[in-house]
Amino acid sequence: MIVFIDEHRDQFGVEAICHLLSTTECGFITSRGYRAAKTRPRSSRTLRDEILVEELRRIHAENYSVYGVRKMHHAMRRAGWEIGRDQISRLMKLAGMEGVRRGHKPITTRPAGEPDARPDLVERRFAAERPHQLWVADITYVRTISGFCYVAFITDVFTRRIVGWAVSASLHTQGLPLLALEHALLSSGASRGREGLIHHSDRGAQYVFLAYSDALITAGVSASVGTVGDSYDNALAETVNGLYKAELIHSKRIWESV
């Protein structure tokens, strides 16, 4: 009510607004009560909210202004603020901030022309007990001024970290998913060991290609694939693609090139 009076006092006057509000269900406040409220020292909660809102705005802007409540909560905790998720939600509403909403994901999978005997070792159970136990892989595309380009990701299920990625102007295995795999193998570190690591993907031709299969075998990684035409069998990788498009690509409408 105080905020409402502040916004309209120059137009209608404090006494007139207080008189009108006294006849509504919004509550009752006199002009004397309003002036007393304005001269009352601000509470510690109000002062803390002002500080937190400024910090929320800064962190939100640093992350392309796309983070929602959950990610802003993690980001604030990483920045050293002891703050609850419900408080983050309240302050983001107060500051008019919200996360980006994801759109539809384009289809980039080209089915392989040859039989694929690899098993489904995951069966939609996207959970792991440690890092480098289960990786999921997929490809998405980005529209640029010079044409389409493609991005391959490999994500660690336990940490939800993108451990390998690559960008290319084509979908050829050598220039895209294989580079992402090499990046993932390098970033995982040979010293950590990859015993029992499973690499899960769809049945796209890029992942069936002999060079890709050989790279997995050489690294001691077990290959796993979902069923044909079922996005739920690689749901986590699809989610990563969707977040990438929503949080980064769509925030900048025009990309000039690869």
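Only a predicted model underlies this, so the values are computations on that prediction, with no experimental measurement involved.
Within the 3.5 Å criterion, the main-chain N or O of Gly226 finds a donor-acceptor partner in the side chain of Arg203. Of the possible donor and acceptor atoms, none in the side chain of Trp165 sits under 3.5 Å from a partner among the backbone N and O of Val151. With hydrogens and angles ignored, the 3.5 Å screen pairs no side-chain donor or acceptor of Ser168 with any backbone N or O of Tyr150. In this structure a side-chain-to-backbone donor-acceptor pair under 3.5 Å is missing from His200 to Phe126. The backbone N or O of Tyr67 lies less than 3.5 Å from a partner atom in the side chain of His60, making a donor-acceptor pair. A donor-acceptor pair is defined here as one N or O able to donate and one able to accept, closer than 3.5 Å; such a pair exists between the side chain of Lys245 and the backbone of Tyr141. One N or O on the side chain of Gln133 and one on the backbone of Glu129 form a donor-acceptor pair closer than 3.5 Å.
Asp156 pairs in a side-chain contact (heavy atoms from CB on, under 4.5 Å) with only one of the listed residues (Val136, Leu134, Ile162, Val163), which is Val163. When Glu98, Met92, His74 are each tested for a side-chain contact (heavy atoms from CB on, under 4.5 Å) with Val69, only one passes: Met92.
Atom CD of Gln206 sits about 7.5 Å away from atom CG of Leu176, to the nearest 0.5 Å. Ser224 OG to Leu197 CG: the interatomic distance, rounded to the nearest 0.5 Å, is 11.0 Å. In this structure, CZ on Arg78 lies 11.0 Å from NE2 on His73, to the nearest 0.5 angstrom. Note: Ile83 CD1 to Leu52 CG = 4.5 Å, rounded to the nearest 0.5 Å.
Counting heavy-atom neighbours within 6.0 Å of Ile145 CD1, excluding the residue itself, gives a total above 12.
Looking at Arg58 and Glu54, no side-chain N of the basic residue comes within less than 4.0 Å of a carboxylate O on the acidic one, giving no salt bridge. A salt bridge links Glu247 to Lys71: at least one charged side-chain nitrogen sits closer than 4.0 Å to a carboxylate oxygen.
Note: Tyr212 and His199 meet the aromatic proximity criterion, with ring centroids under 6.0 Å apart.
In the hydrophobic clustering of ILVMFWY residues, with side-chain heavy atoms under 4.5 Å counting as a link, Val142 and Leu248 come out together. A continuous path of Ile, Leu, Val, Met, Phe, Trp and Tyr side chains, each step under 4.5 Å between heavy atoms, connects Val167 with Val240, placing both in one hydrophobic cluster. Cluster annotation: Tyr64 and Met76 are assigned to the same hydrophobic cluster (Ile/Leu/Val/Met/Phe/Trp/Tyr, side-chain heavy-atom contacts under 4.5 Å, transitive).
Residues Asp138 and Asn241 have side chains that bring a donor and an acceptor to within less than 3.5 angstrom of each other. Side chain to side chain, Tyr244 and His250 fail the donor-acceptor criterion of an N or O pair below 3.5 Å.
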Run the numbers on Leu236 and Asn234 for side chain to side chain contact (heavy atoms under 4.5 Å, CB included), then give the verdict. CA-CA 6 Å; Leu236 180 57; Asn234 202 16; 5.8 Å; no

Passes side chain to side chain contact (heavy atoms under 4.5 Å, CB included), Arg77 versus Glu82? Steps please. CA-CA 6 Å; Arg77 299 277 293 192; Glu82 293 295 329; 3.2 Å; yes

List the steps, then state whether side chain to side chain contact (heavy atoms under 4.5 Å, CB included) holds for Ile88 with Leu56. CA-CA 8 Å; Ile88 291 287; Leu56 281 169; 3.7 Å; yes

